[in-house]
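Each ligand, and each atom within it, is numbered from 1 in the order the structure gives. Quick caveat, the model's predicted, so the values are computed rather than measured. Note that these values count all heavy atoms, side chains included, but never hydrogens, waters or copies made by symmetry.
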Amino acid sequence: MDCIFCKIINNELPSCKIYEDEEFLAILDIMPINYGHTLIIPKAHFKHILDMPESYAENIYKIVKKLSQAIKEALKCDGLNIIQNVEKAGGQEVFHSHLHIIPRYLDDAFKLNLSKKRYENNNAMQIVAEKISQYL
Ligand code: AMP
Ligand code: ZN
């Protein structure tokens, strides 16, 4: 399979590793939004979180917390973004599941919330909530 993250996991491509266990690898993103921008990658190939077994989805958050704490203390950042881009519409470019931990600073120029909407009214909001609840 021609997957860049599988190649990194198999040591066929170089990477800057900062954490590894049986299930996950964490590396520095090669094009960071800020220095220390980290990717947590399951060693098995899944397309994204919707494709991952529940146990992986549970276990990954233990590592997110450990790494987030380390990144915040080491880099003295003011905050973090913890993000997974899902599918092309969500901005996913590498289709091997991964989660971003991005160090953030009060004065950095990166903006996630450029074009937010408002619900037409409370009813429109309630309809969306009920629609999602039906699938839980
Ligand atoms: P996404 O848009 O969520 O799929 O993010 C993919 C991320 O992988 C991007 O932030 C890229 O900069 C990063 N990336 C791509 N190739 C490499 C690589 N060889 N080593 C480290 N990070 C990479
Ligand atoms: Zn892969």
TODO: Go through ligand 1 atom by atom and flag the ones less than 4.0 Å from a non-hydrogen atom of N85.
DONE: 1 (P), 2 (O), 3 (O)
- [ ] Report the distance from atom CD1 of I18 to atom CD1 of I101, rounding to the nearest 0.5 Å.
- [x] 7.5 Å
Open item on the list: With nothing but distance in play, are any N or O atoms of G91 less than 3.5 Å from an N or O of ligand 1?
Closed with: yes
Open item on the list: Go through it in stages, so that I can follow the logic: the residues are K88 and E93, the test is salt bridge (charged side-chain N to carboxylate O under 4.0 Å, His left out), and I'd like the CA-CA distance, side-chain angles, deciding distance and then a yes or no.
Closed with: CA-CA 7 Å; K88 192 171 169 220; E93 289 176 354; over 6 Å; no
TODO: Give the numbers and elements of all ligand 1 atoms closer than 4.0 Å to a heavy atom of L28.
DONE: 21 (C)
Task: Y56 and F24: CA distance, side-chain angles, deciding distance, ring-ring contact (aromatic ring centres under 6.0 Å, His included) verdict - done: CA-CA 9 Å; Y56 275 85; F24 299 99; 5.7 Å; yes
Task: From H98, Q92, K88 - option closest to atom 5 (O) of ligand 1 by heavy atom - done: H98
TODO: Identify, for atom 16 (N) of ligand 1, the protein heavy atom at the shortest distance, and state residue, atom and that distance.
DONE: I4 CD1, 3.9 Å
TODO: Could you list which atoms of ligand 1 come closer than 4.0 Å to a heavy atom of F5?
DONE: 8 (O)
Open item on the list: Yes or no: does H37 have any heavy atom under 4.0 Å from an atom of ligand 1?
Closed with: no
Open item on the list: Which atom name would you report as the N, O or S atom of H45 nearest the Zn ion (ligand 2)?
Closed with: ND1
Open item on the list: To the closest 0.5 Å, what do you measure between CD1 (I8) and NE2 (H98)?
Closed with: 10.5 Å
Task: Any donor-acceptor N or O pair under 3.5 Å, side chains N10, K43 - done: no
- [ ] Give me the ring orientation class for F5 and H96: parallel if the planes are under 30° apart, tilted from 30 to 60°, perpendicular past 60°.
- [x] perpendicular
Task: Atom indices of ligand 1 within 4.0 angstrom of M31 heavy atoms, with elements - done: 12 (O)
TODO: Any chance you could measure D29, atom CG, to I27, atom CD1, to the nearest 0.5 Å?
DONE: 7.0 Å
- [ ] Ignoring hydrogens and angles, tell me if any N or O in the side chain of H48 forms a donor-acceptor pair with the backbone of L50 under 3.5 Å.
- [x] yes
Task: The one among T38, I8, L13 that brings a heavy atom closest to atom 19 (N) of ligand 1 - done: I8
Task: Identity of the N, O or S atom of H96 lying closest to the Zn ion (ligand 2) - done: ND1
Task: Y19-D21 side chain donor-acceptor pair, cut-off 3.5 Å - done: yes
- [ ] Report the residue from E22, E54, E23 that forms a side chain to side chain donor-acceptor pair (under 3.5 Å) with N59.
- [x] E23
- [ ] Give the single entry among I30, I83, D29 that approaches atom 7 (C) of ligand 1 most closely by any heavy atom.
- [x] D29
Open item on the list: As an exercise, identify every atom of ligand 1 less than 4.0 angstrom from a heavy atom of I27.
Closed with: 21 (C)
Open item on the list: For Q84, state whether at least one heavy atom is located under 4.0 Å from any atom of ligand 1.
Closed with: no
Open item on the list: Closer than 4.0 Å to some heavy atom of E93 - which atoms of ligand 1 meet that?
Closed with: 1 (P), 2 (O), 4 (O)
